[in-house]
Amino acid sequence: MSKERMGLNTRLLHEGSSKDSLCGAHVTPIYQTTTYVFDNIEEAIRLNQNQDQGFTYTRFGSPTQHELENKIALLENAEAALAVGSGMAAITTALLTSSKKGGHMIVPNIVYGCTYAFFEQLLPKYGIEVTYVDPGNLEQIEAAIKENTTTVYVETPANPTLNITDIEAVSKITKANNLTMIVDSTFASPALQNPITLGADVVVHSATKYLCGHGTVVAGVIAGSKEFVDKARFPYLQTLGAVISPFDAWLLMLGMKTLGVRMKAHCENGLAVAKFLEEHPLVERVYYPGLESHPSHEIAKKQMKGFGGMMSFDIKGGIEAGKIFMNSVKVFSLATSLGNIDSLVQHSPTMSHFDMSKEEREKVGIKDGQVRVSVGIEDIDDLINDLSQALDEVKKANL
Ligand SMILES: *Cc1c(COP(=O)(O)O)cnc(C)c1O
């Protein structure tokens with residue numbers, strides 16, 4: 001039986017692993033070296049001129065990184081993958097790879113903050129226009145297409161309001177118009193959603209989050225056609241230099257071995273926390289794609305294998321209620337980032353989205369009392385008791 005037909009947990013442990021040719025190490029070693037020695041000038045020429053596969057210099061790749069890339073490509077059902085030094089490096093490298101001089105991109109009106117900064121501050125500086133759309137509105141996407149459009153970019157589930165974009169529906173538009181569709185699938189991880197299988201051209205992840213899972217590495221990955229990934233590596237990674245270190249590639253592979261069991265636990269705890277919050281009198285609204293009350297629950301059910309551990313919710317009582325809640329949690333840690341095995345919370349209006357005005361925030365659905373939760377894999381009763389006692393503190397304040 002081929003490994004492709006095996007289950008996710010088996011694939012995560014066995015697929016894409018290569019046997020160490022030097023001494024048969026069971027776990028791929030960390031090739032902590034900057035450069036590779038050639039046997040003779042003929043080999044040096046072949047490798048430096050890309051006539052042959054091999055390693056020359058760690059900015060262009062290392063054996064540890066290479067194995068990680070094989071594993072990501074297999075997980076995302078892609079021809080090839082590229083691992084880079086951060087999620088933002090993956091996003092900007094993929095966007096630049098798909099761009100052209102004087103081109104135009106269609107991007108979502110709600111997106112990870114630093115991605116928005118790239119759209120706002122950098123792309124226009126280099127003459128690339130962007131149009132913001134509601135990616136849930138297919139007519140808006142079609143209407144935004146121009147002669148110079150190269151790319152449609154989506155993030156699903158989106159940060160921090162967990163908006164869902166119908167990947168298959170958008171991919172029909174991009175295919176019909178010969179555009180590159182790039183999906184940031186960080187919140188789902190390859191265990192829960194495979195955008196390329198659904199019709200997208202390129203998938204990017206902040207591997208810092210669920211792929212790593214342990215909060216130890218900042219890294220990113222890009223998966224897509226061999227042609228796209230080759231171009232992303234040469235000249236983009238080659239010249240911009242956002243390389244992943246061999247040690248970080250190794251740590252990432254260590255984390256990825258348990259992606260399947262971790263995501264199962266995140267999904268179970270996520271749904272239980274979302275249901276608890278939805279019933280709570282101090283909670284105005286819960287944004288979790290696994291709840292039937294989520295406006296895109298049906299689309300999420302269609303394209304995701306589970307709903308993950310990310311959610312946001314609005315506490316009654318505005319900014320002050322959000323702050324009291326944050327200062328009252330004991331098991332959850334106050335931190336940005338997400339997708340760790342342990343639970344984290346952040347208050348979006350005063351933390352990740354502090355630089356937006358109240359009006360701007362409300363337009364994209366970020367209310368004053370909005371808290372984003374990354375539900376970890378702790379025992380569920382401890383998580384719910386912690387949320388419950390923190391909400392009791394908000395109640396006592398009588399706002
Ligand atoms: C964290 C995150 C990023 C950025 O990733 P880094 O690894 O921090 O550079 C991009 N997109 C989403 C959805 C994220 O959550």
Side-chain angles (χ1 to χ4, degrees), residues 76 78 90-124 126-188 192-205 222-225 228 287 289 294-304 356 360-366:
E76 284 293 16
I91 291 165
T92 55
T93 303
L95 284 165
L96 289 173
T97 303
S98 78
S99 71
K100 70 175 185 195
K101 188 174 174 182
H104 167 248
M105 298 190 180
I106 299 170
V107 303
N109 54 8
I110 175 118
V111 74
Y112 183 73
C114 301
T115 310
Y116 179 70
F118 186 66
F119 295 149
E120 271 298 281
Q121 294 168 29
L122 278 166
L123 286 180
Y126 298 100
I128 295 167
E129 261 186 295
V130 293
T131 301
Y132 294 95
V133 297
D134 166 6
N137 186 333
L138 300 175
E139 289 88 57
Q140 251 189 48
I141 296 179
E142 282 200 286
I145 297 173
K146 303 201 237 185
E147 208 192 314
N148 57 344
T149 307
T150 57
T151 311
V152 175
Y153 181 88
V154 306
E155 179 181 303
T156 186
N159 183 55
T161 52
L162 282 290
N163 280 6
I164 301 290
T165 300
D166 188 334
I167 297 171
E168 197 178 358
V170 175
S171 80
K172 286 194 179 131
I173 301 174
T174 54
K175 280 194 167 73
N177 292 278
N178 227 346
L179 309 175
T180 303
M181 178 178 179
I182 303 175
V183 180
D184 180 343
S185 189
T186 299
F187 273 35
L192 303 183
Q193 173 174 283
N194 302 113
I196 291 180
T197 312
L198 294 161
D201 301 292
V202 177
V203 54
V204 291
H205 288 277
I222 303 170
S225 69
F228 189 91
Y287 307 78
H294 188 286
S296 304
H297 175 63
E298 289 305 320
I299 299 170
K301 234 166 58 180
K302 184 181 75 167
Q303 71 186 14
M304 299 176 77
M356 285 170 102
E360 279 178 322
R361 280 200 315 265
E362 299 220 322
K363 234 184 358 204
V364 293
I366 303 168

| Do I167 and Q193 come close enough that some side-chain heavy atom pair is under 4.5 Å? | yes

| message | When you compare the side chain of I182 with that of D201, does any pair of heavy atoms fall below 4.5 Å? | response | no

| field | Those residues that, when tested against N194, pass side-chain hydrogen bond (donor to acceptor under 3.5 Å, both in side chains) (two or more places apart) | value | E76, K305

| field | Sequence neighbours excluded, every pair satisfying salt bridge (charged side-chain N to carboxylate O under 4.0 Å, His left out) that has a member inside residues 144-170 | value | E129-K146, D166-K302

| query | Would a distance-only check, ignoring hydrogens and angles, find a side-chain to backbone donor-acceptor pair under 3.5 Å from H297 to P289? | reply | yes

| said: Going by the rule side-chain hydrogen bond (donor to acceptor under 3.5 Å, both in side chains), which residues pair with E120 if we only count those two or more places apart in sequence or in a different chain? | reply: Y132

| task | Identify, with sequence neighbours excluded, every residue that meets side-chain hydrogen bond (donor to acceptor under 3.5 Å, both in side chains) alongside S98. | result | T151

| said: Suppose we screen for side-chain contact (heavy atoms from CB on, under 4.5 Å). Which residues come up paired with K363, at least two apart in sequence or across chains? | reply: none

| request: Could you note down all residue pairs passing side-chain hydrogen bond (donor to acceptor under 3.5 Å, both in side chains) where residues 106-119 supplies at least one of them, sequence neighbours left out? | output: none

| request: Name all residues meeting the salt bridge (Lys or Arg N to Asp or Glu O under 4.0 Å) criterion together with E362; count only those two or more places apart in sequence or in a different chain, and write none if there are none. | output: K358

| task | Would you indicate whether the side-chain heavy atoms of F118 and L96 approach each other to under 4.5 Å? | result | yes

| task | Looking only at non-hydrogen atoms, find the nearest pair between A144 and T131 and report the distance. | result | CB-CG2, 4.0 Å

| query | Which distance, rounded to the nearest 0.5 Å, do you find between the OH of Y287 and the CD1 of I164? | reply | 14.0 Å

| request: Give the minimum heavy-atom separation between S171 and L198, together with the two atoms involved. | output: OG-O, 3.6 Å

| field | Test side-chain contact (heavy atoms from CB on, under 4.5 Å) applied to Q140 - qualifying residues, sequence neighbours left out | value | V133, D134, N137

| task | Using side-chain hydrogen bond (donor to acceptor under 3.5 Å, both in side chains) as the criterion, list what pairs up with T156, not counting sequence neighbours. | result | none

| Where is the tightest heavy-atom contact between V203 and S185, given as atom of each residue plus distance? | CG2-CB, 3.7 Å

| Out of curiosity, F187 CZ to N159 CG, how far, rounded to the nearest 0.5 Å? | 4.0 Å

| message | Consider side-chain contact (heavy atoms from CB on, under 4.5 Å). Of T150, V202, V152, T174, which one does T180 pass it with? | response | V202

| ring-ring contact (aromatic ring centres under 6.0 Å, His included) against F119, all qualifying residues, sequence neighbours excluded | Y153

| Just wondering, do P160 and I366 contact through their side chains at under 4.5 Å, heavy atoms? | yes

| request: Not counting sequence neighbours, which residues clear side-chain contact (heavy atoms from CB on, under 4.5 Å) with I145? List them please. | output: I106, T149, I173, N177, L179

| Atom pair CE (M105) and NZ (K100), whose distance is rounded to the nearest 0.5 Å | 10.5 Å

| said: Can you give me the closest heavy-atom contact between I222 and A94, atom names plus distance? | reply: CD1-N, 4.1 Å

